[in-house]
Protein chains: 2
Amino acid sequence: MVTIRDIAERAAVSVSTASRALNNNPRISRETRLRIQSIATEMGYQPNYNAKTLTNGEANAVGVIFPPGDMSTAANPFFVDLLMGINTQLRLRNAVLSVAIANTTEELTKNVLALISQSLIHHFILLYSKANDPVVELLKSQGVQYVLVGDPTQDNERYVNNNNRLAGAKALEYLNRHFNSRHVLFVESEMEQGFEKQRRLGFESAAQQLGVKRELLKLPDKAMQHLDQAVAQYLDNRRDIDGIMTTDDLIGMMVYQLTRQQLNRQVPLISFNKSQSNILIGDQVRFVELYPQHMGEAAVRVLFSETKQFEMLPFTIEKV
Amino acid sequence: MVTIRDIAERAAVSVSTASRALNNNPRISRETRLRIQSIATEMGYQPNYNAKTLTNGEANAVGVIFPPGDMSTAANPFFVDLLMGINTQLRLRNAVLSVAIANTTEELTKNVLALISQSLIHHFILLYSKANDPVVELLKSQGVQYVLVGDPTQDNERYVNNNNRLAGAKALEYLNRHFNSRHVLFVESEMEQGFEKQRRLGFESAAQQLGVKRELLKLPDKAMQHLDQAVAQYLDNRRDIDGIMTTDDLIGMMVYQLTRQQLNRQVPLISFNKSQSNILIGDQVRFVELYPQHMGEAAVRVLFSETKQFEMLPFTIEKV
DNA sequence: CTGTTAGCGCCTTCAG
DNA sequence: CTGAAGGCGCTAACAG
């Protein structure tokens, strides 16, 4: 392991000069700074983060907090993309990604506390939001920075998000304009997630505005048997439905197939969050691309920005 | 922040005694050890990992390496469960989870190298396997420990896995025994993943043994348009298929729906890896539960075991 | 069984 | 603009 000391020796300067040069301290002459830096790269110098953290009192790591298991969403594939985006930005900043994940909120809280007090992590990205979350309270009481990915529940909370409401509206407009849908079914889960609600609100207002007849279906809990038959029956009673919006691609897959078989025709469908393994392909299928990877990147940007309070990310409507 | 020094003072012992007591060093009298430990908890002492790492030369963090983006699988939901399992074990050991994830193998390699040389991480869990992987070579050349989750490609590699071959065989037997299937279709993706191959081999040998007629379908790339129609057509020509096995739950969802509509009857289906949002429910649907969370836990156990070379995890066949 | 001392790698006063 | 010295929190010889 090549240390700052080795570099100092080789450059015939003191350790402190080497340190300053490597940290771009302006009090070092441009000349020696460059010289030392080139020596460093030449020698393959890699700073020891633990030593740095020890002196700084602050880690170069960012903690990513997953939703507790008991509120795990169907949005799972989303997370891996998010991680990818977060980490590309972190790598640029020579930072490292740590994860907090647990089955219960209680365990999760402990986990986060450990990261704060044992690893000295002062920056977090929160991948879920719920009211009165002990984890959020912990973050606040410990005075660490955090950015939420999702719908903010508190005032003054930093976050990145999609404009889910707008997306819901645009999605309906799309169905209406491109497929001439006049009677649209909106399908959501029973989880009452913030983003689903927003999408529904957007859907409803746009439907009203366009004079499109609307229908709402909340998918009952998975525990329920024969969900598909229930849905099929539901559809059977509404044979004039000519457009569907689902809050999630996986729900979309099922509903689409059922519709086709139940109404015996292809009904235009638009969903959110294309899952990587979507196998629905057809002229009538669209999805709202939310660019999870970009959300991850944005989260890091907001986290390390002094000023930025939030970032609202664009979405697009795509053919599958 | 309460340090070991504070504890030493309060206990009227030297720092080293405090350190030893907290680390359960046997050279300390049971009495003072307990006394010091109780003082520590009382004062809410949390050891500073960075300082520890600095002295030990070895981090208390484990790096989890995700597959590079260009080989991202449909098994996505799997990963979150894995993380959950890994982290429960890590928390027990007061260890921390760091992530390496990137779009390209090259970036990923850099990422891992950074974790090794900058954070001094010496323990890794690898979530994918492929031949001649530069990341594996790096791990080996750097002399760090790692455990693979999946099919080992090298001799002497430590890993945890399911017995996918056996699972494939058992799954077929199940179809045959419980649904009396005599002509079974096996559906896999085109990715040629190790686990798919193993499941297929198991399927084939069992089919042969039981005298079950077998059919193989490899789903073409997603790029292909109208995949569903292609599959439907395929099914249409094989109307006597009376059982289906798919390597993945998401594929299963589609095939099941298509089958129903194309063959106009419910064909018993068995798949792997129930996705959290599976909405297929029915008497005829089964899946092979692989317990990803347990796999994660096992990976940590193997990683920190001196002796264990691998762990083969059980699976069960479940109703949805 | 316990205390003293030194040092892990780095940064940051404080002096020049 | 650069050096010397001290210390971040902890562990590990080396002494007793």
Side-chain angles (χ1 to χ4, degrees), chain A residues 1-37 39-40 43-61 94-96 114-122, chain B residues 1-37 39-40 43-61 94-96 114-122:
Chain A
M1 163 181 269
V2 32
T3 79
I4 202 175
R5 188 167 238 104
D6 303 326
I7 295 176
E9 260 174 40
R10 186 98 121 63
V13 295
S14 75
V15 195
S16 41
T17 306
S19 170
R20 283 193 269 255
L22 293 172
N23 291 308
N24 288 315
N25 186 317
R27 282 170 29 183
I28 292 293
S29 75
R30 218 182 92 82
E31 194 181 9
T32 54
R33 182 171 9 129
L34 293 179
R35 188 168 63 87
I36 293 182
Q37 290 182 346
I39 290 184
M43 296 179 74
Y45 169 69
Q46 302 272 82
N48 181 330
Y49 286 159
N50 299 283
K52 273 190 132 134
T53 302
L54 190 59
T55 51
N56 293 340
E58 174 158 345
N60 79 320
N94 288 314
V96 155
L115 292 181
I116 296 176
S117 50
Q118 309 201 307
S119 299
L120 307 186
I121 294 182
H122 288 49
Chain B
M1 163 182 271
V2 32
T3 78
I4 201 174
R5 187 167 240 105
D6 304 325
I7 296 176
E9 260 174 41
R10 186 100 121 64
V13 295
S14 76
V15 198
S16 43
T17 306
S19 169
R20 282 191 271 253
L22 294 172
N23 291 307
N24 289 314
N25 187 316
R27 283 171 27 182
I28 292 293
S29 75
R30 219 183 90 84
E31 192 181 10
T32 54
R33 182 171 7 129
L34 293 179
R35 188 168 64 86
I36 293 183
Q37 288 181 347
I39 291 184
M43 298 180 73
Y45 169 70
Q46 302 273 82
N48 181 329
Y49 286 159
N50 299 283
K52 274 188 133 137
T53 302
L54 191 59
T55 52
N56 293 340
E58 173 155 345
N60 78 321
N94 288 313
V96 154
L115 291 182
I116 296 176
S117 51
Q118 309 200 307
S119 299
L120 307 186
I121 294 182
H122 288 48

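Residue numbering restarts at 1 for every chain, and letters A, B, ... go by the order of the sequence lines.
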Self-check item: Shortest non-hydrogen contact from A/N23 toward A/K52
Solution: OD1-NZ, 3.9 Å
Quiz item: Taking all non-hydrogen atoms of both residues, which atom of B/L22 and which atom of B/Y45 are closest, and how far apart?
Solution: CD1-CE2, 3.6 Å
Exercise. Please tell me if the side chains of A/V13 and A/T32 come closer than 4.5 Å, counting only heavy atoms from C-beta onward.
Key: no
Practice problem: Could you check which residues of residues 2-9 of chain A get a heavy atom under 4.0 Å from DNA chain C? Sort them by number, please. | Solution: A/T3, A/I4
Quiz prompt | Least distance between heavy atoms, B/Q118 atom then A/P47 atom | solution = NE2-CD, 3.3 Å
Self-check item: Interatomic spacing from CD1 in A/I7 to CD in A/Q37 - rounded to 0.5 Å
Solution: 10.0 Å
Exercise. List the atom of A/Y49, the atom of A/N60, and the distance in Å for their closest heavy-atom pair.
Key: CE1-ND2, 2.9 Å
Quiz item: Base, sugar-phosphate, or nothing: which does A/T53 touch, judged by heavy atoms less than 4.0 Å apart?
Solution: nothing
Self-check item: Closest non-hydrogen atom pair, A/T53 against A/S119
Solution: CG2-O, 4.3 Å
Quiz prompt | Along DNA chain D, first and last positions that approach a heavy atom of chain A under 4.0 Å | solution = D/dC1 to D/dG9
Quiz item: When you match B/R27 and A/M1 each to their closest nucleotide on DNA chain C, which lands nearer the 5' end?
Solution: B/R27
Quiz prompt | Pair A/L120-B/N48, side chain to side chain contact (heavy atoms under 4.5 Å, CB included): steps then yes or no | solution = CA-CA 8 Å; A/L120 307 186; B/N48 181 329; 3.6 Å; yes
Exercise. Identify whether any heavy atom of B/Y45 sits under 4.0 Å from a base atom; if not, whether one sits that close to sugar-phosphate; answer base, sugar-phosphate or nothing.
Key: sugar-phosphate
Quiz item: Under 4.0 angstrom, heavy atoms only, what part of the nucleic acid is A/I28 near: base, sugar-phosphate, or nothing?
Solution: sugar-phosphate
Self-check item: Outermost nucleotides of DNA chain C that come under 4.0 Å of a non-hydrogen atom of chain B
Solution: C/dC1 to C/dG9
Quiz prompt | Heavy-atom closest contact (B/S117 atom, A/Q46 atom, distance) | solution = OG-NE2, 2.9 Å
Self-check item: Divergence of helical axes at both termini of the helix from C/dC1-D/dG16 to C/dG16-D/dC1 - five pairs an end, 10° steps
Solution: 40°
Quiz item: Would B/N56 and B/H122 satisfy side chain to side chain contact (heavy atoms under 4.5 Å, CB included), going step by step from the backbone distance to the final call?
Solution: CA-CA 12 Å; B/N56 293 340; B/H122 288 48; over 6 Å; no
Quiz prompt | Contact residues, residues 12-24 of chain A to DNA chain C [heavy atom, < 4.0 Å] | solution = A/S16, A/S19, A/R20, A/N23
Practice problem: Supply the atom-to-atom distance A/I28 CD1 to A/L34 CG, rounded to the nearest 0.5 angstrom. | Solution: 11.5 Å
Quiz item: How far does OG1 of A/T17 sit from CD1 of A/I36, to the nearest 0.5 angstrom?
Solution: 6.0 Å
Self-check item: Pair listing, salt bridge (Lys or Arg N to Asp or Glu O under 4.0 Å) test, anchored in residues 1-27 of chain B, at least two apart
Solution: B/R10-B/E42
